[in-house]
Every structure is written in structure tokens, then in C-alpha cells.
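Just below is one structure, and these are the notes that go with it.
By convention in this document, chain letters (A, B, ...) are assigned in the order of the sequence lines, proteins followed by strands, and residues within each chain are numbered from 1.
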Amino acid sequence: MSQGIAITGMGIISAIGNNVAENYDALITEKKGISRISKIDTIHKNDIMVGEIAYSNQELEALLNLSPQNNYSRTALLGAVAAKEAINQAGITDIKAHKTGLISATSVGGMDMTEKYYYQYLEDKNAQKYIAGHHAGDSTQKIAEQLGIEESLVTTISTACSSAANAIMLGARLIKAGKLDRVVVGGSDCMSKFTINGFKTLMILSDTYNTPFDDNRKGLNLGEAAAYLVLESDAIVKAENKPVLAYVKGYANANDAFHQTASSENGDGATLAMEKALEIANYKPEDIDYINAHGTATGNNDLSEGRAIIRVFGKQAPEFSSTKAYTGHTLAAAGAIEAVYSVLALQNNIIFPNLNFETQMQEFSITPELKLKEKTLKTVMSNSFGFGGNCSTVIFSKDK
Amino acid sequence: MKNVYINSVGSVSAQNTTDDSDFLKDIISYNETTITAINPNYKDFIPPAAARRMAKGIKMGIVASKLALQKAGLESVDAIITGTGMGCLHDSEKFLSAIIDNNEEYLTPTPFIQSTHNTVGGQIALEIQCKGYNFTYVHGSNSFESALLDAKLQLELDEANNILIGGVDELADHTIVLNKIIHHIKEEPVESSKILDSKTKGAVFSEGANFFVVSNKKKASSLAQIEALEIYNTLTIDSVENQARQFLKENHINPSNVDALILGNNGDVEFDTFYHKLATGDFKNTQQFVYKPWTGEFNTVSSFGLLLAANILKIQNTPEPFKLNNTNTSHYKTILLYNQYRGENHSFTLLRTC
């Protein structure tokens, strides 16, 4: 059970960069991607801050060489850009050479176009092409098309903010079971008025830079992003002598079964997810060198997750940090964004700092890593939690 | 590898499928462009105060899942895996129209919370206090099949023993209007028995929820064994028959050994051609069934196809109106299901008696 699944490529587009190299550069130079919102006209623009991607839709369409008749949502555009980078990095020139699938995660799907044209659709014939692009699976179908994946296993997961972690998990299981030889896994979510207003009504949006695990944290910044990993079977890695970036070593999903949106006070679901992932990886808690926490900077998440970390690791928890101060909370994509960051941490033996932290939380004594830190890393744990009590943990390692 | 069985079903649909007493006894004929699911007595399953806050999709999902659990004699399960093509449409529309109509003011969080795709899966976990694995798939007409595929993988590898899976989708007003504009919904109503000959674009849209307890432990009450399942993002008219052959071959079955073929024809002149390919090719002498003329089309309606197949295998009951041809097949041991929607997200599922 402890055999890892090889990661051979990754791609990302986020508020701190349009590819893996730019993201890494921003992470180590502590450059945040959080700003006032510029691409969506919302009455909340002066009350919130977001992690926006610089490219406009037109620029993304040009990058992908799409015809003007295309009906790509921004979710599909971002996803296609990131997935293509992952395929390139994995050195894949013939996608059909092996049985290749795609597991993508999204919560927003085509909502960006739906909210733009909701009533306009009734009269505007030119806008009507986007109607069929509303459902979540549509963005995945388009990403598959962009990658040339045909007549294969392609699906979409939507479990709110743990979605992409679950996509990685499913992909690893499909390779393990021999259902696929190769699978592209990750997620994409664009910014939308729908999610801005949704989180606004829940009163968990910060009016300034988000401050994960800070005692005075005021809530999250929404972000948009997409990221994908390429997972390949041992047989391919061996036959093609492929460089392996890292391995997916352990994973688990559990349910908090406590509340539709809030996490239980002591992080029952999160604890279960971390424990089960350790078990699958055949690791003990002390084998984990760094935790990339979910750390959304909401009052509820950081308390619940921190307590869960203490339950699993004791007060001597390994170094942990949330990178959401850089990117904002990218919802369904977050698990994939942070998977890329976890692999970058392993590759470079670097722990990324938890920015914006000032005040120790009163409820416990563990403190996130505040400075960029060099440390030999063998294993990284990444947490992602979502609405519906959905809790996921993925463990990445250098060793198979 | 362990075998995988369907141990129970719970269903809310446009036909009588909720109660065992009249289960598919009298098939209801419709003459509409959209069909709503028959409301069960929700009070029997959900406290009225809670039910008032829930959209129909959530309620249908809870009823169907509770029935499946009851019939399997289980209080809880190891995992809950849900498929929904469009998610909680009613709450999505409610929240979005409120944003637009009131210029982002005076909003309440409930419709936003309940618009999340995994609301049904999360609610069921809350209700039965199931802390296990909980996934929601949202991939068009392969949403339910993805859930089944995931469950099958876990049961075969003995990572779980009992898993609740289901498909649920609901209708919502604005989405209906929009799908009429782009002719994904038929322009004119058609009688159920005449839908397949309508020769018009689009389908009759509908809603429903079908949940199953699938298990690697066979019981006397088990309905069928799930032999194999494969999903494809694309197939072409020219490749569908070959892929069907390939799928059967991998499972060591000849097309002639398939006792029944359950097809997803919905009367859309543009896309039923995929089904015709199988119906007039390798399987022309096989007993064929269709169900969508009587249930309507929605992304997870193929879960009704699975329910129909399981029912045929368990009690050899074959509702006459669902028959596409008549081959005088007397006993059904092996059933192949094929489904797609608008030429995308195709699936083959193979079931047998257990």
C-alpha cells in the first residue's frame, strides 16, 4: 500500500505567476498576488481583496489559439493553460501513446459566463453559445480536448474547497489499480461574482490581506487559479527513463459530518484525513517534514485545523505554513495549487513562509513558519478542507 | 479482486419507483417538454422544518438514499459517492438572480451554501453521521458512472464493504428557459410512446434521484452483480460499436451472450444515432430496452437505467412500454447498458445475475 505514484510534470497559473517558474520565484521572494479586484465589477470592490490572474480572457484565448467562436469559460481557459504546461514539463509529445485520463476539479465551472449573460441570453444570440458551458464538467471536457485526450476516462470532482486534492487522490488510485497508465489531475476555478457574494454573505471575506493562523485573522481573500500534475505508472517511468519530480505517497478523504459549512471545533474530519493518509503512506507522524496547511485565515478553519494538527502530531508539530497569503483561497483549485507548491518545496528543500502573521493564536501554542527556511525535506503533507464537511490530505515524498 | 453487488436501491423519479408496492407497475405516459419527479411523502423521511429549507434535489437525494440504506438494512456505510450533472440548480438560480436583481445587496447565505455541488453528499453524511470517504462527481452524463466507477474500485480492492452511491439532478425554471432557447429541450411536447419517432431536436428534460448500496458482500437480497464499467469523454459514430465490442471482449463476453441492451435514447434526432448504431448492428437480435421516454432526460438519469437493469435481473420483470423490440427472451442473465448525452460522455456498464 505504501508504493508512491510518480509525478512527472506540473503546471500552474495563479495570482503569483503564469507558470511553475514564476510561482516559485514569487514564493521565495515573498511576493503576494493579493490586490483590489479589477476584472469584475462588484459593489464590494472596496471591501475585499483578491488574488487575480493578470491575463484577460482575450489574452488567454490567444495563448491557446482559440477561434473567436469558442465558448470557453475562464475556468476552462485557466485550466487548459495550466494542464498544457504540465504535459510539456512531463515531456509528453504523444498523449495517445499510453492510456491517459483527466481528473479535474472545479466549483465555479462556467458560472462566470452564466452570471454575465443570465438575462441577456434571452435576447442576445451571440452570447447563447455559453449556455451549454455552464455545467462543471464542460471545463474538463474542453481541457481534455486541448490535451488531445479522446475516448478515455475523463471526469470532474466538485467537493468545494477540497476538490483538487480529491482529484489527485482519485488519479493516484486509478494508476495503482491499473485502470490508467497516465493521468492528468488538478483543478481550476476562476473568480466570479457568485462566489464573491456567497462568501460575503457568510461574512468570511477579509477586507485586507489575509493572515493565516493569526489571532486577529479577519477571513479569507478569494483567488483564482488552475494547476495540474501528471501522474504516470512505474512501467512508463521505467520504460521511458523519466525524471520523477516527487511521489504521491499517501492520501485520504474523510467527512467531518458536523455542519454544512463550518468545521467541527476540534477538527474531527481533518484529524481523520491526516491519520488515514499517514496510514496509506505507511508513515508515522514524525516522518512528515513540512505541512502545507489549508490555512484559509477564517476564524473557524485555522482553529479547527490547528487543533487537528496537534491531535495528529502533538505539540511538536513539524513546520507548517499556509500559502494562501500569496494566492488567496483558490477554492476547488487550492489542493492542486498547493500540491505544486509542496513538490516545489521538496525539490528545493525550502519551506515557504506563512506571510502576514503577527499575533500568536491564543487557543494553542503552535506557530506557523514565518521565514523562508531551508531544510532537507523528504515528505510534505498538504491539507484541503471544504463545505459539506469534506476533508482531504495528500502526502508527497521524494522517496517512492 | 472482490465481486461488486447492488444490494439495494432507493428511487425518486417521474415513474412510480419510490414504493415497492407499485414499483413500475403502471407506467405513466407524459406529453410534455419537461417532466417533474413524483414527490414522495417527504415528511416520512425529513423533519418538515428542515425540509422547508431544502430544494427538491436535496430532498429527493435524501429520500432515495434513506430508502437504499433501509432496504440494505444499514445504519451507515463506509463511503458516500454522489453524481450530479448540474448540481443544486434551484439554489444556484435563486442566489444568482438575487445578486443580479438586487445589485449584490440583501443576500442571504442559505441558497449559496446549498448551491454547492456536494450539498447532497454532505447532507447525507450529516444525517447518518458518516465520517467516511465522501466524493461528488459533476461530469455531465458520466457523473453517476464516475461515482459507480469509484465505488467499484474501492469494493474490488476491499478498501470498503458498503458504499452508498447515487445520481441526483433537479429542474429549475431559468435553466429550462435557456435550454429551450438553444433547443436542448424539445420545442413541442411529445407523448412518451412517440418520443423516439419525434425526429426533432432536443430532449424532454426531467429530474430525479436513484441511490444504491453497492457492496462486496453478497446477500440473499442482492439484485445484481456489477461486472464492468467504462467511461469515455468522447466516442464517434464510427467508434462506438468497436468500443462496445472491445469492452465486452475485455470481459470475455460475446455480443450474442448479452441478454438485454438498455439504451439511453431520448428522442433527440441529432444524437440518438449513437444508439441506433448498436441497436441495428451487433445487438439487432438482442432484446433492447429504453427508459428515457418515460423518465425524461437529465445528466444522472442513467442511474434509472441501472435500477431498471438490476430489477430485470432480480425479478425478471420487463415493463412492456420500455421494450424497443421483441425477441421473446425468457430469462435475463447478462445486461449491457450504454448511455451518452449529446454525443459526449459515453459509458458501458455490464451487469449479471448473482
Side-chain angles (χ1 to χ4, degrees), chain A residues 42-44 102 106-107 109 111 114-115 118-119 121-122 128 131-132 134-138 140-141 144-145 149-160 166 170 173-174 177 179 193-194 197-202 252-261 268-269 272 386-390, chain B residues 80 85-87 92 95-97 99-100 103-105 107-109 112-119 121-123 125-126 128-140 142-143 146 149-150 153 156-157 174-175 177-179 181-182 184 230-235 239 243 299 342 344-345:
Chain A
T42 165
I43 64 160
H44 307 301
L102 169 67
T106 186
S107 63
M111 184 58 89
T114 305
E115 67 188 25
Y118 196 64
Y119 293 124
Y121 279 143
L122 302 175
Q128 289 170 6
I131 293 173
H134 170 77
H135 72 101
D138 185 73
T140 310
Q141 288 290 94
E145 194 184 338
I149 295 173
E150 289 171 355
E151 308 206 349
S152 194
L153 196 163
V154 171
T155 192
T156 312
I157 293 173
S158 198
T159 52
N166 291 340
L170 178 70
R173 287 172 47 221
L174 288 167
K179 279 292 264 184
K193 234 179 194 175
F194 191 89
N197 281 282
F199 284 93
K200 190 80 189 165
T201 61
L202 290 167
N253 173 262
N255 200 282
D256 210 25
F258 170 72
H259 186 270
Q260 191 63 25
T261 56
D268 292 348
L272 267 175
F387 281 7
N390 212 281
Chain B
I80 299 167
M86 300 298 290
S92 299
F95 194 66
L96 180 53
S97 53
I99 290 174
I100 300 171
N103 191 30
E104 303 181 76
E105 289 182 288
L107 299 167
T108 54
F112 174 68
I113 293 167
Q114 297 198 350
S115 75
T116 317
H117 284 90
N118 64 332
T119 302
Q123 279 290 338
L126 254 180
I128 64 172
Q129 280 301 299
C130 175
K131 294 188 189 254
Y133 182 97
N134 194 311
F135 267 33
T136 299
Y137 290 93
V138 294
H139 197 72
N142 269 339
S143 303
S146 299
L149 182 88
D150 184 348
L153 210 59
E156 282 175 347
L157 300 175
H174 197 70
T175 306
V177 171
L178 297 183
N179 278 282
I181 293 178
I182 56 172
H184 287 196
E230 206 71 55
I231 64 173
Y232 314 83
N233 58 326
T234 63
L235 288 183
S239 68
Q243 286 285 13
N299 282 154
R342 299 190 68 80
E344 285 188 86
N345 295 316

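- Using a 4.5 Å cut-off between heavy atoms, L272(A) touches chain B through its side chain atoms alone.
- H139(B) and T155(A) form no side-chain donor-acceptor contact under 3.5 Å, judged by distance and modelled atom types alone.
- If you measure heavy-atom distances from L122(A) to chain B, the contacts under 4.5 Å come from both the backbone and the side chain.
- Both the backbone and the side chain of L107(B) come within contact range of chain A, judged by heavy atoms closer than 4.5 Å.
- The two atoms that bring L96(B) and M111(A) nearest to each other are CD2-SD, 3.9 Å, heavy atoms only.
- The contact between N390(A) and chain B is made entirely by side chain atoms (from C-beta outward), counting heavy-atom distances below 4.5 Å.
- For chain A, the nearby part of T108(B) is the backbone; its heavy atoms alone come within less than 4.5 Å.
- Using a 4.5 Å heavy-atom cutoff, the side chains of S152(A) and Y232(B) are not in contact.
- You'll find the side chain of L170(A) reaches within 4.5 Å of the side chain of Y137(B), heavy atoms only.
- In this structure, chain B has heavy atoms under 4.5 Å from both the backbone and the side chain of F199(A).
- Contact check for L149(B) versus K179(A): side-chain heavy atoms found under the 4.5 Å cut-off.
- Residue Q114(B): no heavy atom, backbone or side chain, is found under 4.5 Å from chain A.
- Side-chain atoms of I113(B) and L202(A), non-hydrogen and from C-beta on, do get closer than 4.5 Å to each other.
- At least one side-chain heavy atom of F95(B) sits under 4.5 Å from a side-chain heavy atom of N197(A).
- Heavy atoms of D268(A) lying under 4.5 Å from chain B belong exclusively to its side chain.
- Using modelled atom types, one side-chain atom of H174(B) and one backbone atom of Y118(A) make a donor-acceptor pair closer than 3.5 Å.
- Only the side chain of I100(B) comes within contact range of chain A, with at least one heavy atom under 4.5 Å from a heavy atom of that chain.
- At least one side-chain heavy atom of N233(B) sits less than 4.5 Å from a side-chain heavy atom of Q141(A).
- Here the side chain of T159(A) pairs no donor or acceptor atom with the backbone of N118(B) at under 3.5 angstrom.
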